[in-house]
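Only one structure is covered here, and it is reproduced in the block below.
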Amino acid sequence: MDFHQLGNTSVIGLQWGDEGKGKIVDLLTEHFDVVVRYAGGANAGHTVRIGHEKFALHLIPSGILRRKVRNIIGPGVALDLEIINTEIDGLRNRGIEVGKNLQISNRSHLVMPYHKKQDRLNEARLGADRKIGTTAKGIGPCYADKMLRSTAFRMGDLYRPDDFRRRLAEVVEDRNKVFAALYGDAEPMDARKIADEYLAYAERLRLHVADTTMSIHDALARGDRMLFEGAQGSLLDLNHGTFPYVTSSTCTSGGVAAGAGIHPSAISSYIGVVKAYATRVGSGPFPTEQLNATGDKIRERGHEYGTTTGRPRRCGWFDAFSARYAVEMSGITQLAVMHLDTLGSFPEVQICTGYRHRGAPLRLFSPDIEILAECEPIYETLPGWDGDLGAITDFEQLPAAARHYLDRLEELLGAPITLVSVGADRMATLHRESRLEMAST
Ligand code: GDP
Ligand code: IMO
Ligand code: MG
């Protein structure tokens with residue numbers, strides 16, 4: 001078996017986001033016809049490096065970088081029209097085709113300017129101690145309106161301009177009152193200006209807007225091969241992450257079918273992406289965080305600064321206990337381990353294999369912050385490895401200690417490692433086709 005024979009496949013982050021999902025999607029897209037984004041929004045930042053070129057994608061699926069691949073933004077995505085327009089322009093300016101190869105669901109919910117404003121105001125009101133540390137992209141408020149329904153706007157609404165203007169005027173009037181009362185905001189928003197701006201975006205995007213659920217079903221019927229590009233990471237999942245320090249969408253595999261509009265049994269393979277260590281941006285528990293020279297060294301070697309916000313990422317040792325939980329939560333069938341090169345040059349490396357809670361080992365990982373506050377990681381120490389792994393092209397060429405480290409991760413996580421990344425570039429990837437046989441697809 002090789003990657004070309006994988007059925008419909010989903011790529012899922014198993015940590016707190018930024019695992020390297022963009023690189024893996026770009027790499028695998030060679031073998032697929034369609035790439036679908038199904039959850040999250042412009043809070044995501046997916047980086048793809050091809051030679052000297054670097055692309056940072058927020059909303060557009062990473063498949064856009066390959067010719068012949070169709071890209072779909074599904075109804076589960078929180079769509080920021082300003083950002084997607086900028087993204088389209090940026091890609092076109094660099095000679096990337098963005099036309100019929102990008103479809104946007106008419107049912108995607110719109111991130112409105114007052115969502116971004118509320119995100120900022122709410123975080124400021126919570127203050128440094130209690131804020132979630134969001135990306136300020138309006139994701140939470142947009143999904144909150146989606147749940148509320150009567151105050152939400154979807155892409156398709158923009159093609160009924162009179163109704164859109166009328167409803168928007170009501171919503172903006174209400175928001176202005178709420179923001180003034182709650183946050184002391186003295187800069188009311190102008191509904192007419194927002195409507196003009198959004199209706200202009202809608203004209204520009206008209207060519208892309210479609211019933212993507214129908215497109216996905218047609219693709220399925222034709223036997224096209226589909227790759228689902230996850231955003232964020234399992235520990236940021238709204239239901240199963242470290243609530244309230246999470247995002248507002250389902251980032252575990254349960255979100256794929258719901259957000260894309262496909263039945264769960266149509267997806268046969270779930271690739272879990274992990275870094276060889278752990279990072280987190282924003283607030284919330286991070287048991288293996290290293291607030292010391294080790295953390296600083298990982299940050300500098302791995303260039304761990306956010307793609308979306310530029311914030312320095314918190315860094316620490318690999319947490320196999322929480323990653324195992326994420327593997328089980330999503331039914332992960334195979335693993336991609338990223339940034340093995342970054343972990344080079346440490347005399348010893350550590351893996352967290354479990355937590356001690358009030359002195360006793362915890363049976364299973366718990367995402368509850370009250371429990372995590374009382375947990376202490378249990379570490380296993382392994383020998384480190386030296387040398388620049390970036391030039392290695394074959395798994396067997398890896399230093400023995402690095403292979404040993406991967407063997408241990410495989411054992412602790414309970415899924416085969418089929419891809420190992422040793423650099424940011426598309427080419428700096430070791431394919432372990434032999435391990436694919438073990439991936440229970
Ligand atoms: P995503 O959100 O999961 O797509 O990940 P991001 O793109 O936000 O962050 C991953 C970062 O690591 C990006 O800057 C990638 O270019 C980079 N990267 C991915 N894989 C590797 C790797 O194996 N080694 C190194 N050094 N960098 C990598
Ligand atoms: P990708 O797809 C890393 C984090 C934020 C914050 C929390 C809530 O690039 O892996 P939000 O703006 O979603 O309300 O913020 O979630 N977060 C991410 N962290 N990578 C991401 O996406 C993230 N998307 C959201 O930092 O802690
Ligand atoms: Mg990212």
Side-chain angles (χ1 to χ4, degrees), residues 11-27 37 39-50 53-59 61-62 77-78 80 111 115-116 118-120 122-123 131-144 229-238 241-249 251 272-277 279-286 298-314 336-344 388-390 392 419-430:
V11 173
I12 309 266
L14 299 185
Q15 296 163 311
W16 282 288
D18 300 330
E19 295 89 350
K21 300 175 292 294
K23 170 171 170 171
I24 293 299
V25 169
D26 168 65
L27 195 75
R37 267 287 303 271
N43 49 350
H46 296 178
T47 319
V48 177
R49 268 186 196 274
I50 308 165
E53 295 244 60
K54 176 180 161 182
F55 298 90
L57 297 157
H58 299 285
L59 280 160
S62 302
V77 170
D80 186 320
V111 176
H115 291 142
K116 293 191 238 192
Q118 188 179 357
D119 203 349
R120 285 194 306 272
N122 196 48
E123 287 279 275
K131 69 174 185 187
I132 290 169
T134 71
T135 57
K137 299 291 181 218
I139 302 299
C142 171
Y143 280 127
E229 177 169 356
Q232 289 75 52
S234 304
L235 302 173
L236 291 170
D237 184 281
L238 182 59
T242 54
F243 192 89
Y245 301 104
V246 293
T247 189
S248 306
S249 58
C251 345
V273 188
V274 289
K275 277 176 185 161
Y277 46 92
T279 64
R280 176 166 201 162
V281 220
S283 323
F286 181 1
I298 294 175
R299 186 176 310 105
E300 292 320 310
R301 283 182 63 87
H303 308 290
E304 291 294 357
Y305 296 87
T307 308
T308 301
T309 58
R311 291 181 289 180
R313 295 177 181 147
R314 300 158 65 192
V337 176
M338 318 301 288
H339 277 269
L340 193 66
D341 54 314
T342 300
L343 212 53
D388 176 14
L389 305 188
I392 289 180
L419 290 162
V420 177
S421 175
V422 290
D425 192 79
R426 189 190 262 180
M427 303 303 286
T429 319
L430 315 176

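Atoms within each ligand, like the ligands themselves, are counted from 1 in listed order.
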inquiry  = In this structure, does ligand 1 have an atom that sits under 4.0 Å from one of the heavy atoms of Gly302?
reply    = no
ask   = Considering Val273, Leu235, Thr134, Thr47, which one's heavy-atom position lies nearest to atom 15 (O) of ligand 2?
value = Thr134
task = Report, in ascending order of atom number, the atoms of ligand 2 lying under 4.0 Å from any heavy atom of Ala231.
result = 2 (O)
ask   = Near Gly423, which atoms of ligand 1 are under 4.0 Å from a heavy atom of that residue?
value = 20 (N), 21 (C), 22 (C), 23 (O), 24 (N), 25 (C)
query = By number and element, which atoms of ligand 1 are closer than 4.0 Å to a non-hydrogen atom of Arg313?
reply = 8 (O), 9 (O)
ask   = N/O of Asp119 under 3.5 Å from N/O of ligand 2, yes or no?
value = no
query = Considering only protein heavy atoms, which is closest to atom 19 (C) of ligand 1, and at what distance to one decimal place?
reply = His339 NE2, 3.9 Å
ask   = Considering only heavy atoms of Ala44, which atoms of ligand 2 have at least one such atom less than 4.0 Å away?
value = 1 (P), 2 (O), 9 (O), 22 (O)
ask   = Listed by chain and number, what are the side-chain contact (heavy atoms from CB on, under 4.5 Å) partners of Ile392, not counting sequence neighbours?
value = Leu389, Gln397, Leu398, Pro399, Leu430
key: Atom indices of ligand 2, in the order listed, that fall short of 4.0 Å to a heavy atom of Lys21   = 1 (P), 2 (O), 10 (O)
ask   = Quick one: does Gln15 get a heavy atom under 4.0 Å from ligand 1?
value = no
remark   = To atom 6 (C) of ligand 2, the nearest of Gly22, Gly282, Gly133, Ala56 on a heavy-atom basis is Gly133
note = The atoms of ligand 2 lying under 4.0 Å from a heavy atom of Trp16, numbered in the order shown, are 3 (C), 19 (N)
query = Has Gly17 got any heavy atom lying under 4.0 angstrom from an atom of ligand 1?
reply = no
key: Numbered atoms of ligand 2 (with element) below 4.0 Å of Leu236, judged on heavy atoms   = 4 (C), 16 (O), 17 (N), 18 (C), 19 (N)
remark   = Report for the Mg ion (ligand 3), protein N, O or S closer than 2.8 Å, by chain and number, lists Asp18 OD1, Gly45 O
task = State, without any angle test, whether Thr342 and Lys275 hold a side-chain donor-acceptor pair at a distance under 3.5 Å.
result = no
query = With a cut-off of 4.0 Å, which atoms of ligand 2 are near a heavy atom of Gln232?
reply = 1 (P), 2 (O), 10 (O), 22 (O), 23 (C), 24 (N), 25 (C)
